Protein chains: 2
Amino acid sequence: MSHAPVPGPVDESVGYLLKKAHSALRSAMDHALRPLDLTVPQYACLEVLRQRPGLSGSELARAVFVTRQSMHLVLKGLERRGLLTRPAVAAYGKALPTELTAAGRKQLAAANRAVGAVERKMLAALTPTAERRLARDLTACAAALGDVPSEDEAEDRVER
Amino acid sequence: MSHAPVPGPVDESVGYLLKKAHSALRSAMDHALRPLDLTVPQYACLEVLRQRPGLSGSELARAVFVTRQSMHLVLKGLERRGLLTRPAVAAYGKALPTELTAAGRKQLAAANRAVGAVERKMLAALTPTAERRLARDLTACAAALGDVPSEDEAEDRVER
DNA sequence: TGACTCATGTCAGCAGTTTGACACACGTCG
DNA sequence: CGACGTGTGTCAAACTGCTGACATGAGTCA
C-alpha cells in the first residue's frame with residue numbers, strides 16, 4: 001500500500017518531536033519557576049522586557065506568542081505585584097510603554113538562574129556546534145511556516 | 001557586571017526558538033485542520049491510534065502530552081462523532097482499548113493530507129540530512145530534560 | 001475637514017486544559 | 001487473606017488562553 005499520505009511512525013516525525021521537546025521544556029521551566037511564583041508567560045514577558053524596555057502590551061504579546069488579550073492579564077498581574085510599571089495614560093497614541101521595576105529585575109535575575117539551569121540541562125547533550133545548527137534549523141522551520149502565528153492572519157491567499 | 005546568568009538576546013536562545021517553531025507549527029496545523037472540524041489534540045489522538053490500535057485513554061494521553069483527564073474529553077467527543085469506539089466495560093482491568101472506526105480512518109486520511117502539507121512546508125527549507133539531524137537533536141533535548149512531562153513527577157521528593 | 005484604515009487597550013464570554021478527588025481493578029507482599 | 005501501591009476511568013471546580021467586540025488615538029487620502 002503506502003500510496004502517499006500515510007506518514008511514518010509519529011516518533012520519527014519532526015512535528016511530533018517538536019511537540020515533545022517543547023512539552024518537556026515547558027514542563028521543566030514551569031517546575032523551575034514555580035518556587036518564584038512565576039508562570040512561563042510571565043517570565044517570558046519579564047525577560048523580553050529586560051532586553052527591550054518600553055515595549056507596549058501588543059508588542060510584548062507578539063514577542064511571546066500570545067494574544068494581546070492574554071498579555072493584558074499577564075501585565076495586570078505583574079504590575080499589581082510591582083514587578084513592572086507603565087503609565088496610566090499614554091503619552092502618545094494608545095500604547096503604554098512598559099518597564100521593569102527594581103523588584104522586577106531582581107525577580108527576573110533569580111528566574112534567569114533557574115531557567116538557565118534548565119536550558120543548560122537540555123543542551124547538555126548537544127555540542128556547541130550542534131546547538132547553533134539546531135537554532136538555525138528551528139528558525140528556518142518557523143520562517144517556512146510564515147511566522148506571525150497569532151492574530152491578523154488575514155493572508156489566506158486563495159488562488160495560486 | 002555581567003556576572004553570569006545574564007542570557008543573550010532571546011532570539012538566539014534555543015528555548016525561545018523552540019517555542020517559536022512550535023507555536024508556528026501549532027497555528028498552521030490548527031488552521032489546516034479547522035475545515036475538518038478537528039483540533040490538534042483530536043488529530044494527534046486519531047493518528048496515534050492508527051499506529052497503535054487498542055491503546056487505553058491514559059496511554060494515549062501520555063503519547064499526546066496531555067493529562068488523561070483532557071484525553072478523556074477528547075475521546076468522548078470523538079466517540080460521540082463515531083470516529084472511534086471502545087467497549088463500555090473493560091474486558092480486563094479498567095483500561096478501555098480504543099480503536100478507530102471506518103469513519104475515523106476516513107477522516108484521519110483527510111487530516112493527514114492537510115497536516116502532511118503543513119509539515120512539508122515547514123521542512124521545505126531543510127535538506128533531508130538536516131531534517132534527520134533536527135529530529136535527532138530534538139530527541140536528545142527532550143531526553144535530556146527527562147521526558148515524562150506530565151503527571152507523576154513524584155521525583156525530587158525531599159524525603160524527610 | 002472628514003472618511004477610512006490601522007494599531008492599541010480593555011472588557012466579556014467561551015473553550016480547552018489542568019488540578020484535585022474518588023472509585024475501581026489488578027499485582028505484590030507480609 | 002488483607003494491606004498496600006500502581007494504573008486507570010471519571011467527575012467537578014479552577015484556571016488559562018482565545019475569540020469577539022467596542023472605543024480610542026494616529027496616520028492617510030480624497
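Remember, predicted model here, so these are calculated numbers, not experimental data. So you know, we letter chains A, B, ... as the sequences are listed, proteins then strands, and number each from 1. The analysis underlying the following values was restricted to heavy atoms, covering all of them including side chains, and did not include hydrogens, waters or symmetry mates.
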Rounded to the nearest Å, what distance is computed from the CG atom of residue B:Leu75 to the C1' atom of nucleotide D:dG9? 11 Å
Earlier contact from the 5' end, DNA chain C, for A:Arg34 and B:Thr39: B:Thr39
Looking at B:Lys94, I'd like to know whether one of its side-chain N or O atoms comes within less than 4.0 Å of OP1 or OP2 on D:dT6. no
With a non-hydrogen cut-off below 4.0 angstrom, is A:Leu96 in contact with a base, only sugar-phosphate, or nothing? sugar-phosphate
Nucleotide C:dT8, atom C1' - distance to CG of A:Leu60 in whole Å: 13 Å
Determine the minimum heavy-atom distance between B:Leu96 and B:Pro87, stating which atoms define it. CD2-O, 3.7 Å
Please report the distance, rounded to the nearest Å, between CE in A:Met71 and C1' in D:dT16. 13 Å
Check B:Ala63 against A:Tyr16 and note the closest heavy-atom contact, atom names and distance. O-OH, 2.9 Å
Tell me: CD of A:Glu59 to P of C:dC6, nearest whole Å? 18 Å
For A:Ser58, side chain to side chain donor-acceptor pair (under 3.5 Å) partners two or more places apart: none
Kindly point out which of C:dT17, D:dT8, C:dT8 is positioned nearest to the side chain of A:Ser56? C:dT8
Comparing A:Pro41 and A:Ala91 on DNA chain D - which has the more 5′ nearest nucleotide: A:Pro41
When the distance from CD of A:Glu79 to P of C:dG9 is rounded to whole Å, what number comes out? 12 Å
Ignoring the backbone of B:Arg68, work out which of C:dG9, C:dA21, D:dG17 is nearest its side chain. C:dA21
Could you tell me whether A:Arg50 and A:Glu47 have a side-chain N and a carboxylate O separated by less than 4.0 Å? yes
Determine the contact category for B:Ser70: base if any of its heavy atoms lies under 4.0 Å from a base atom, sugar-phosphate if only primed atoms, P, OP1 or OP2 are that close, otherwise nothing. base
Could you tell me the separation between the CG atom of B:Asp37 and the C1' atom of C:dG16, rounded to a whole number of Å? 15 Å
Tell whether A:Gln69 reaches the base of D:dG17 with its side chain through a donor-acceptor pair below 3.5 angstrom. no
Paired with B:Glu79, the side chain to side chain contact (heavy atoms under 4.5 Å, CB included) test is passed by just one of B:Thr85, B:Leu84, B:Val74, B:Thr98, namely B:Leu84
Taking atom P of D:dT8 as reference, at what distance in whole Å does atom CG of B:Leu55 sit? 10 Å
Looking at A:Arg62, I'd like to know whether one of its side-chain N or O atoms comes within less than 4.0 Å of OP1 or OP2 on C:dT8. yes
Please confirm whether the shortest side-chain N or O distance from B:His72 to OP1 or OP2 of D:dG9 is below 4.0 Å. no
Using a cut-off of strictly less than 4.0 Å, decide whether A:Ser58 has a side-chain nitrogen or oxygen near OP1 or OP2 of C:dG9. yes
Could you tell me whether a side-chain N or O of B:Gln107 sits under 3.5 Å from a main-chain N or O of B:Leu36, the two making a donor and an acceptor? yes
Within less than 4.0 Å of OP1 or OP2 of D:dC18, is there a side-chain N or O belonging to A:Thr67? yes
Is the shortest side-chain N/O distance from B:Tyr92 to OP1 or OP2 of C:dG27 below 4.0 Å? yes
When you check the phosphate oxygens OP1 and OP2 of C:dT17, does a side-chain N or O of A:Arg26 lie under 4.0 Å from one of them? no
Is any side-chain nitrogen or oxygen of B:Arg86 closer than 4.0 Å to OP1 or OP2 of D:dT10? yes
Without decimals, in angstroms, what is the distance between B:Leu73 CG and D:dT10 C1'? 10 Å
